[in-house]
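Step one of this worksheet: look at the structure below.
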Amino acid sequence: MTDTTFGTASRDRENRFTQAIEWLARNPIAFPVLLICLVCLVVGAINPSFWQVANLFDILRASVVRGLFALGVLTVLAAGGLEVSFASIAALVMYSVTKFVVNYAPDLGILPILVMGAAGGTLCGMLNGMLVNWLKAPALIVTIGTQYAFRGIVLTFIGTSLFMNIPVSMDAFGQVNLMTITNSSEFEVKLPAYVLILVVAACVTWVILNRTLIGRAIYAVGGKPEIAERLGFRVPRVQLFVFSFAGMLAGIAGILHVSANRLANPFDLAGSELAVIAAVVLGGARITGGAGTVGGTMLGVLLITLVNNVLVLVGIPSTWQTAILGGFILFAGLFFTLTEKK
Amino acid sequence: MSSKFYDGQLGFLALVNAVVIVASLFLVGPKFVGLYSMQSMATQVSELGLLALGVMLAMAAGRGGIDLSGIALANLSGVIAFNLAPQFATATDAPMLYCWVFAAISIVVGILGGAINGTLVGYAGLTPIIATLGTQMLFTGVAVGLTGGSALRLGYIPPLDDFANLPVMGVPISFALFLGIAFALAIVLRYTKYGMRLFLLGSNDVAARYAGIPVRRMYFITYTIAGMLASVAGIIIAARTSSVKWDYGTSYVMVAILIAVMAGVRPEGGYGRVICVVISACALQLMSSLFNFMHLSNFFRDCAWGLLLLLFLAASKVDLSMYLRFRTPVRPGRA
Amino acid sequence: AADKEIVTVVKVTGENWFTRMEEGVDKYGADTDGITARQVGPAKADAAQQTAIIQDLIAQDVDAITIVPMDPSALEGVLRRAMKRGIVITTHEADNLQNTQVDMEAFDNHEFGAHFAEQIVECMGEKGQWTSFVGSLGSLTHVQWADGGEEYAAKFPGMELVSPKNESFNDANRAYEIAKEILRTYPDIKGFQGGSAIDVIGIGRAVEEAGLEDRTCVIGLGLPKDTGPYLETGAVDSIAFWDPLDAGYVMNILTKMTVMGEEIKDGMDLGVQGYNNVKVSAGPGEGIIVRGQAWVDVDAANYKEYPF
Amino acid sequence: MAGSETQEAQDNVVEFPASEAQAPFLEVRNLHKRFGGVHALRGVDMKIEPGQIYHLLGENGCGKSTLIKVISGAHPQSEGQLLIDGTAQQEFDPIRALAAGIETVYQDLSLLPNLSVAENIGLSQQLVQSNGRLFRWLKPGQLRRTARKALEAVELPTDAKFRKTEVSRLPIATRQLVAIARAIAGKARFVIMDEPTTALTRFEVENLISVVRKLQREGVAVLFVTHKLDECKAIGGRALVMRDGEMVADCDIGEISKARLGFLMTGRELEEGRYREARAAQTPLLEVRGLGRRGGFRDVDLTLARGEILGVTGLLDSGRNELAKALAGVAPADTGAITMAGKALHLAVPNDASQAGIGYVPEDRLTEGLFLEKPILDNTVMGILDRLRNRFGLLDKRRAVEEAERMSRELQIVAPDVSAPVKSLSGGNQQRVLIGRWLATAPQVLILHGPTVGVDVGSKDTIYRIIQAQAEAGMGVLIISDDLPELLQNCDRIAVMQKGRIKAVVPADEITQDRLYVEMGASLKGDELNASEGAQA
Ligand SMILES: Nc1ncnc2c1ncn2[C@@H]1O[C@H](COP(=O)(O)OP(=O)(O)OP(=O)(O)O)[C@@H](O)[C@H]1O
Ligand SMILES: Nc1ncnc2c1ncn2[C@@H]1O[C@H](COP(=O)(O)OP(=O)(O)OP(=O)(O)O)[C@@H](O)[C@H]1O
Ligand SMILES: [Mg+2]
Ligand SMILES: [Mg+2]
């Protein structure tokens, strides 16, 4: 009698565990949500000053450039590739466009500058796409190559020196705020307007991925390229598109980076690649392609930014950030592998 | 396990080396090929070469294999060895003992770190990119955390310094060690069960499993060896710079991949030769030093590396062996 | 006889600071007969790459190498070998390096730090919270400035140093992020002492965004042109620097003297503003340390006089 | 583009109404297809008329799938012409094929595993409407309607939850129905189904046939690729028989005997190929008791004797494949016991099986069996590396080469030398390399999973000879296959599986092919089936 009850109970538990795993496998977005809640609760409990609007604003502001990169990486990853040249593209585009505008058209408005950034990024991305198609090598290795090539080009041929006299329109754009709050200790916290660009980009990416044929084609190619090809999806075009799109986002991100920091430094952004890929992976995109959502990616970006920003609040020296992020990635990798095997 | 020693890739790489050396005679003069210059390049090439061998192993094992964590682990093993070695010996009283302890701890850390990668890839089934990306951040992060981000000085420890730089019969010790390790690895890959199975595994991991190859253990061993190679590189770096730091050679991740791809290691797995990696590393070092001799900007070098990587990827699409094969022994008849 | 070749190796190529230094190096080469002078540096602020460059220079058998080390301790081995091969080695910003013949410092680093702190203390009215930045804890001079500042400020009981020696890793954005964090953690903070030349840019931006230009005192190393906009708004109150052009020039003067076997004496006049009465002391190794008094204070009023 | 061509073609129809000269819907002339060195199609001619049912028959690997891939635009032809409504097609691709109304259910189903059921069904239609251009809005309404209609036709659920399920989460039979639903979702004029019934139950097959009848009434041509002759006969229509990449017959399926069909397909009499007498079981070697694996099979009891060849057959979902994989340690069983010569075995990974002396030649030679890039040498000696050590403990390359050469001599492998990469060999030779690898290890039991899939006729014979010679020498051989003539030719006993259980074990010389079909539960001859079910009950 006791034996049987025990038996059923444990089977129930096992069932519930399997069900939980199943549910998580279908809703990978739960993973970043859980981690974000966890981090917030722990940090908030240790240091209540975490709960202020200022923090939220800062995290949003710091998420913009990383978020744009992540949307590009997500798109490429969904189509089954991995792109690591985005930071170099952004550096190349932001520095050359800013330098060009300063020297030849210092009064240019922000809109044309953004368009130039987007166009430049698209060109670089297109090059990536063509190379991946043509060389038939893993996208990771190809983009490692272009990463160095782009970086080498900007530093060899365009310039190396940081300059502060960025075009007025860019400077002004970086200073437009949506909201300004003066907090208890009398200093102002501002929510910059360029946060909206990330919001727009996320919406556009979402629409592309979920509401257009190309979006479905991206996932189809990321899932099973041979079958997608047989069903009439033109794989080379899809690849060209995703790399160009990622390039375009990187170009825009570069311009925003300059506007926000009010200086143009060609050495900037290099080295931010891993954190971005980490964000996308934490957001539930599969590194082997064919899966990943905009929502998850945005949450992944928030999570990374959160970790970067709040560790000092709980007395963990910022030097341990990287280790914690590494731990998160491995955790995510293990978690998703486990749910996938089920 | 094709028994031919010579192949197209090998010939091509040898040719690249020869071309660079000849070009250097015209571009910068005979100083470039002088003994000291050669020794200096040899000391520089060892650490890169070891990391590239690790990348080669990971790539050859297939399943999208890659090891992004090599240089991070090299630095971490140096940092941990720096912290622990004084427990066993002091550099001032027993420099020789200290060096051995330092090396031993480094290698243990390297093996442990590699084993973490191996466990993640082999037993937990993570994609190598994710696994080594995660461990790269973890290793780097731990090294940063332990050092607070700054360099730790070893000071002048004669045996360690000699190890990095002293030539014995004209060959720097670190370079000889690199060659020795490469030779041992080549033998292992060519003449042991492990080696032969590794390349089979890389060319088709499903078939390998069906054929009874202990696939998970193979991945574990392979990444562990890669970790060990990284820690040896870490020792050489520590010896050469008399210090340990978390971010030495951050550019090496890419350069090691470049060397491996140049050496004809297929990113899809299943193929790679140690001797080609060694020669390819030498070619890269020759070019790098030549650029320095020619006073070319280092940014140009980055650019050149990127383009070179793409070029070699393109070249691997074209069958070079056709043009480079001097003579292929065609065995008559059939089996 | 053939020209003597002096090569200056800097931390990283392309940054404005070292671009300005290159002007000094080139100027020295042009001014001086019998000397070719040039400057090289790695593409990335990476100690390993700097070492590789020096190794190749040794192989090229240049006559003298003068170095601004990324990380002095990483260079001991390679520099010792260079000296064994008879190459003259001089350094800058590395007064703890053993294997050098001459180390040139633009000034006494403790004094320089104290000079910053003096201004901060005065600006803050001798009381309140303040903090200090360094490029990295490995950058010895930055640490010495921070220490010098700390010692000076310790004389004023009202001054409270919080979260000292934040590392910006020579990255303005990183300095900005840290400054924001500090503002949030210590809302009453009033003083910031910058370390690396771009720290003040990052700090200035954070201060400006928080609307705290008037309440805070931001003072540190900086370059006039880069910092100009923040000096204008008052987000950065004052900067000091030594002219990298002069430093490059003087480094080469000292190197040439060493190559020629001339003696460098205490109180010598090197013919460059700020180095008219150098102090010579023994270094930690065989070599000597030569110090000038070459810092320049700059604020909103006079930064335009310096075009770099 | 393709749309306007179809339009033109329809105008033609108006001009020449119902005359003899009217072009068939689709015609191929002298079609060749080469994959590198593989000459898969060697001059195929074929006509497809509207409203007609066709059965494309032929041995494994004769080129059936290749032919339909060319017709559906998935592969370009190497040579020859493809005409639709009398118009020769240039640069034919999947989009044009779909636009022309050619819908295909591939053997591998060609479903996109990470997309939903509805998307798998409806996306092609939108792709055709946009003529392959991708910068178009998705039409969710159309997607929903199309999916619902098509799912209804194949009697799958039509609710939103099912439509949004990812295909990778569906069982194989449901996937097959989804693939069929996709084919009939659009405005099809010609539906091709490559072995559509392998995973289906009898009920689902009957439902499928009624769908096909409906299509036929609407003037749609249907082509089945199948190995099940009885099923073809029950459906009726025309038989197209292929052999070795050529079309050898086009005739009415009702008027041709099965024996004749078999001869056309294989080019030989079925009774060929038995090189040894069947014999009664002697010393038991491998014993399986109560073996089971969740979702695969259960309560399996089997005994394999020394020197015996035991066949296992059944439908795709009968559990035969899972049983084979469990015995090979690839997908281990979770209940029951396996003993080898009286010793209990625990097979958790393939390595355990090979250590225990069980060799496994997998079904999919190319992805699961061979290392295609690697030479014959590596492929054959990889199992006996321990035996090839010299006194330093290192591999003795010379002896390895000798071993490999000996093996390729014994198995008559045709290759320039043992350093030739396996991918350069013909299918039959590839299979012999794979068998040779296991023979080199001298296993006690050899499991052959579909040993002659995709192997040409001549090679089949050689392989049968090898298998039977090994059994003669005392090896226990287990053949898992759905190729009934193959089983009848080689086996001493045949175990038939149905729904995960062993339904019957019969001596091979006491059973006919028809009878086997019945046992498998595959036959459509209603009476016979009912009778046998009655007998069971
Ligand atoms: N992509 C390819 N590359 C090389 N060879 C191929 C390819 N596809 C098919 N083949 C070969 O072409 C021949 C015909 O194969 P196909 O798949 O058309 O046979 P089939 O008649 O459909 O066989 P089955 O009844 O097993 O499905 C086989 O020898 C096969 O190995
Ligand atoms: N299943 C298959 N997979 C791949 N290629 C195949 C297959 N079957 C045949 N081929 C290729 O088709 C070509 C012609 O086939 P054919 O059956 O005449 O082979 P063969 O060269 O006579 O050798 P064998 O009789 O051993 O099969 C061969 O060169 C072979 O490469
Ligand atoms: Mg102020
Ligand atoms: Mg087929």
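The sequence lines fix the lettering, A, B, ..., with proteins before strands; numbering per chain opens at 1.
- No other option in V40(C), T51(C), I58(C) has as many heavy-atom pairs under 4.5 Å with chain B as I58(C).
- A74(C) and S243(B) get closest at one heavy-atom pair: CA-OG, 3.5 Å.
- Using a 4.5 Å cut-off between heavy atoms, D61(C) touches chain B through backbone and side chain atoms alike.
- Listed in order of number, the residues of residues 292-300 of chain B that approach chain C to under 4.5 Å between heavy atoms are N292(B), F293(B), H295(B), N298(B), F299(B).
- For R240(B), the parts lying near chain C are the backbone and the side chain together; criterion is any non-hydrogen pair under 4.5 Å.
- At least one side-chain heavy atom of R81(C) sits less than 4.5 Å from a side-chain heavy atom of D161(B).
- In this structure, chain B has a heavy atom under 4.5 Å from the backbone of L75(C), while its side chain stays farther away.
- Chosen from R85(C), E76(C), Q49(C), the residue pairing most often with chain B at heavy-atom distances under 4.5 Å is R85(C).
- Using a 4.5 Å cut-off between non-hydrogen atoms, the part of residues 36-49 of chain B that approaches chain C consists of Y36(B), S37(B), S40(B), T43(B), Q44(B).
- Listed here is the closest heavy atom pair of S289(B) and D56(C): OG-OD1, 3.1 Å.
- Residue-environment remark: NZ (K165(C)) exceeds the threshold of 12 foreign heavy atoms within 6.0 Å.
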